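The block underneath contains the structure these notes are about, expressed in structure tokens.
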Number of protein chains: 2
Amino acid sequence: MNATMHDVARVAGVSIKTVSNVINDYPHVRSATRDRVLTAIKELGYQPNLSARGLRSGKTGVIGLAIPSVREAYFAELADSIIRAAEKRGLGVVVDQTNQVRQHELDVVAGRRLRLTDGIVFSPVTIDESDAALLNVPFPLVILGESIFGGPTDHVTMHNVSSAKAAVEHLLSLGRRRIAVIGADDDEEANAFGSATLRVRGYHQALQAAGIPADPALVRPAGLWHHDTGAAATRSLIASGIPFDGLFALNDSLAIGALRALGEAGVRVPGDVAVIGFDNIDGTKYSIPSLSSVDPGREEIAEIAVEMLVERIGEKGERMPPRRIKPDFRIVGRESTGFPYVADVTDTDGIDESAAVPATA
Amino acid sequence: MNATMHDVARVAGVSIKTVSNVINDYPHVRSATRDRVLTAIKELGYQPNLSARGLRSGKTGVIGLAIPSVREAYFAELADSIIRAAEKRGLGVVVDQTNQVRQHELDVVAGRRLRLTDGIVFSPVTIDESDAALLNVPFPLVILGESIFGGPTDHVTMHNVSSAKAAVEHLLSLGRRRIAVIGADDDEEANAFGSATLRVRGYHQALQAAGIPADPALVRPAGLWHHDTGAAATRSLIASGIPFDGLFALNDSLAIGALRALGEAGVRVPGDVAVIGFDNIDGTKYSIPSLSSVDPGREEIAEIAVEMLVERIGEKGERMPPRRIKPDFRIVGRESTGFPYVADVTDTDGIDESAAVPATA
DNA sequence: GTGAAAGCGCTAACAT
DNA sequence: ATGTTAGCGCTTTCAC
């Protein structure tokens, strides 16, 4: 079986306490003693038992990430960023997929999932303002993606309204006047603080500011935000015969589906219809045409979320007031709104050479 | 603080053992007693401490998944499938990204990562036959994605050679004779049992069977298998002036990048060049044109991998001989090889209505 | 600077 | 059918 601290202590000829001191970098250990312990550790292939450490210390070194699905490009990229941010701090990440199911999301905030974790980063879909009370949880929790007004927890959210407004203004700046939206909520019951509602609000604000009357027929629901629903919503829009010269997809998956549907119908992009999405996922650079998008600052969101969670987990975490942070966003212009294509070098370092459009924040 | 079993026992007026019996569904408990305990549990909001249970039982209820990156579409979908399969069995999944770094992969098999887990599902890139000895690990391990000959662990692999052969035969059946490959290994030092080597072997087998001489100039390396590298390799291929009428991309991300490069160059797909990828990721249905691909049976791979791991973790897992399983594959024909586009309904149930081409296995 | 010993919350052998 | 108790491997207080 695996070696324990006792084994190490015996081999090194010291007590278990000394072994513990060495492992935890306790300063007051004579270096000769330390060396003997380290040698014994290597010799035995000793590795601390994390369950025991967790039991004793109350910490596991693992955080939870609850998202709708890793399969969706935006969340895959978010998970990647969260995992990297956690790893920098020596933390593991266990991923829980809620599939946008409310009961599942309720289980997350009730602590009925992700139980071997020190805290949770949670990107909810069905939890909204009316659930603020539920968020008063006895474990460290950071909410992502939308702001629950008055909620008791830390939030890292995005400028949903103003960035959507900027996206639409980008289309307006190209002279487009009949701008459609796909991905709106299906019904009035929808989460009033959900991304869809907020982004549609930004859309309306942009139109209003430009003095363009809103046409409800241009605002289309799409169910889940996938390629297929985006394509279906766009086909329905085209079939309706309502003219439009701009299209704002509430996320990039929808937009890529829309490009497909527009292409099938012989609608030229951006000639006939200029298209912009939201999230700036990797795939935006390789669609045909490449897709303009809103970059919500995913990397920064992940970094801040993990940092906040780590602070909460720490000593004084209990006593901090809830914080709310919104990273900056930017509009990224690509071919679908008339910008030239930029082939990027393998951007392992995350450098994005696409055109950045000055954005009103 | 959180309630413990002792608290529950006190409130229910029983001993801690009885509480444990109730929680673990031990059969010999009077139902009246059970009810009292359950009431106390609910009243106190008791939740078992998993660190303690893990320390005692030696199990954590969490498995590890080590993959190159969740951000790559294929691995995002694989992670989704693994997480679902694990959840069915009440297991959590902690995700570790190796980024294809050898040291990181060595750390995985050395058990230096993912330590709070009962076992690991590992999709290696740099580990190959010469490392077989390293796989003699003291914890349950299931290897994905390629077969290490003579390795001591369970493998769930794919028919890399024969499915690649089938993909190329698909192109040949369309009358294509000059078929290029992108994504081959850069050098001779490459992992001889890696997916690239095996798939290129299948390519050569198909050509040979058809009596077509191989042209080394048509086999192009691409570095990492991404959109951008696929586009770059294809641009280089086009610029070389070597004629080709078929393109086999060793995975779908490369293929999508290739479609982009072909489109830029005015090469029609499938008119001038028929294209097929590998993995059958979600994005294949929404590229323009939609992308034919090899479906390696990802769902089944995930399901089997988790099932195998669970068996290894269990009682008699130690004594089982290593197993090797290859799920069936199939060729999925889409527009990029001349099949009609099939708009699928929101396939939440995973039903794929694309044309399935009979494949030689 | 190092050792001895208590105890984190749970499971399971043993006792009743 | 239920209670008592040892101990999983670690951290940490308190002696020395």
Side-chain angles (χ1 to χ4, degrees), chain A residues 1-38 40-41 44-62 90 111 115-118 138-139 313-315, chain B residues 1-41 44-62 111 115-118 138-139 313-315:
Chain A
M1 256 328 276
N2 288 328
T4 74
M5 279 177 104
H6 286 101
D7 301 325
V8 175
R10 192 160 24 74
V11 170
V14 300
S15 88
I16 170 180
K17 168 66 163 116
T18 305
V19 178
S20 176
N21 284 343
V22 170
I23 288 172
N24 296 302
D25 292 323
Y26 190 70
H28 306 298
V29 182
R30 249 203 316 252
S31 66
T33 315
R34 161 172 284 115
D35 287 348
R36 261 190 304 147
V37 170
L38 290 176
I41 286 177
L44 293 169
Y46 168 76
Q47 297 192 339
N49 178 315
L50 298 188
S51 284
R53 176 178 288 173
L55 173 58
R56 185 59 236 218
S57 67
K59 304 262 176 299
T60 62
V62 177
R115 308 234 310 287
L116 208 55
T117 55
D118 296 336
F139 54 85
I313 291 168
E315 292 286 288
Chain B
M1 254 328 275
N2 288 327
T4 74
M5 278 177 103
H6 286 100
D7 301 325
V8 176
R10 192 162 22 76
V11 170
V14 298
S15 88
I16 170 181
K17 169 67 162 108
T18 303
V19 178
S20 174
N21 286 341
V22 170
I23 287 172
N24 297 302
D25 291 323
Y26 190 70
H28 306 297
V29 181
R30 251 205 315 253
S31 67
T33 314
R34 159 171 286 114
D35 288 348
R36 261 190 304 148
V37 171
L38 291 175
T39 307
I41 286 176
L44 294 170
Y46 168 75
Q47 297 191 338
N49 177 315
L50 299 189
S51 284
R53 177 178 288 175
L55 173 58
R56 184 61 237 215
S57 67
K59 306 261 175 298
T60 62
V62 177
R115 304 238 312 290
L116 208 56
T117 56
D118 296 336
F139 53 85
I313 292 169
E315 291 287 288

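A, B, ... follow the sequence lines: proteins, then strands. Residue 1 opens every chain. Computation of the quantities below employed the complete heavy-atom set of this structure, encompassing side-chain atoms and omitting hydrogens, waters and symmetry-equivalent molecules. If you're wondering where the values come from, they're calculated on a predicted model, not measured in any experiment.
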Describe the nucleic acid contact of A/T4 in one word from base, sugar-phosphate, nothing, applying a heavy-atom distance below 4.0 Å.
-> sugar-phosphate
Donor-acceptor pairs under 3.5 angstrom involving side-chain atoms of residues 7-22 of chain A: please list them, not counting sequence neighbours.
residue	atom	partner	partner atom	Å
A/D7	OD1	A/R10	NH2	2.7
A/D7	OD2	A/T4	N	2.8
A/S15	OG	A/K17	N	3.2
A/K17	NZ	A/N21	OD1	2.7
A/S20	OG	A/N24	ND2	3.3

Residue pair A/I23 / A/M5, side-chain heavy-atom distance below 4.5 Å = yes
Considering just the side-chain nitrogens and oxygens of [X], establish if one lies under 4.0 Å of OP1 or OP2 belonging to [N].
| X | N | value |
| --- | --- | --- |
| A/R53 | D/dT11 | yes |
| B/N24 | C/dT11 | yes |
| B/R30 | D/dT2 | yes |
| A/S20 | D/dT11 | yes |
| B/Y26 | C/dA13 | no |
| A/S51 | D/dC8 | no |

Can you measure [X] atom [atom1] to [N] atom [atom2] for me and round it to whole angstrom units?
| X | N | atom1 | atom2 | answer |
| --- | --- | --- | --- | --- |
| A/L55 | D/dC8 | CG | P | 13 Å |
| B/I23 | C/dA12 | CD1 | P | 12 Å |
| A/R56 | D/dT11 | CZ | C1' | 5 Å |
| B/L50 | C/dT11 | CG | P | 9 Å |
| B/H6 | C/dG9 | NE2 | P | 9 Å |
| A/K59 | D/dC10 | NZ | C1' | 15 Å |
| A/M5 | D/dT12 | CE | C1' | 11 Å |

Distance check, rounded to the nearest 0.5 Å: [X] atom [atom1] versus [Y] atom [atom2]?
| X | Y | atom1 | atom2 | value |
| --- | --- | --- | --- | --- |
| A/T117 | A/R115 | OG1 | CZ | 9.5 Å |
| B/R53 | A/S51 | CZ | OG | 11.5 Å |
| A/L116 | B/N49 | CG | CG | 8.5 Å |
| A/N2 | B/F139 | CG | CZ | 10.5 Å |
| A/H28 | A/R34 | NE2 | CZ | 11.0 Å |

Minimum heavy-atom distance between A/T33 and A/V29, given as atom pair plus value = CB-CG1, 4.1 Å
Mind grabbing the angle between the end helix axes of the helix from C/dG1-D/dC16 to C/dT16-D/dA1? Five pairs an end, 10° rounding.
-> 30°
Any sub-3.5 Å donor-acceptor pair from B/D118's side-chain atoms to B/I313's backbone N or O?
-> no
Heavy atom of residues 7-19 of chain B under 4.0 Å from DNA chain D: which residues?
-> B/V14, B/S15, B/K17, B/T18
5' priority, DNA chain D, between B/N21 and A/N21 [closest heavy atom] | B/N21
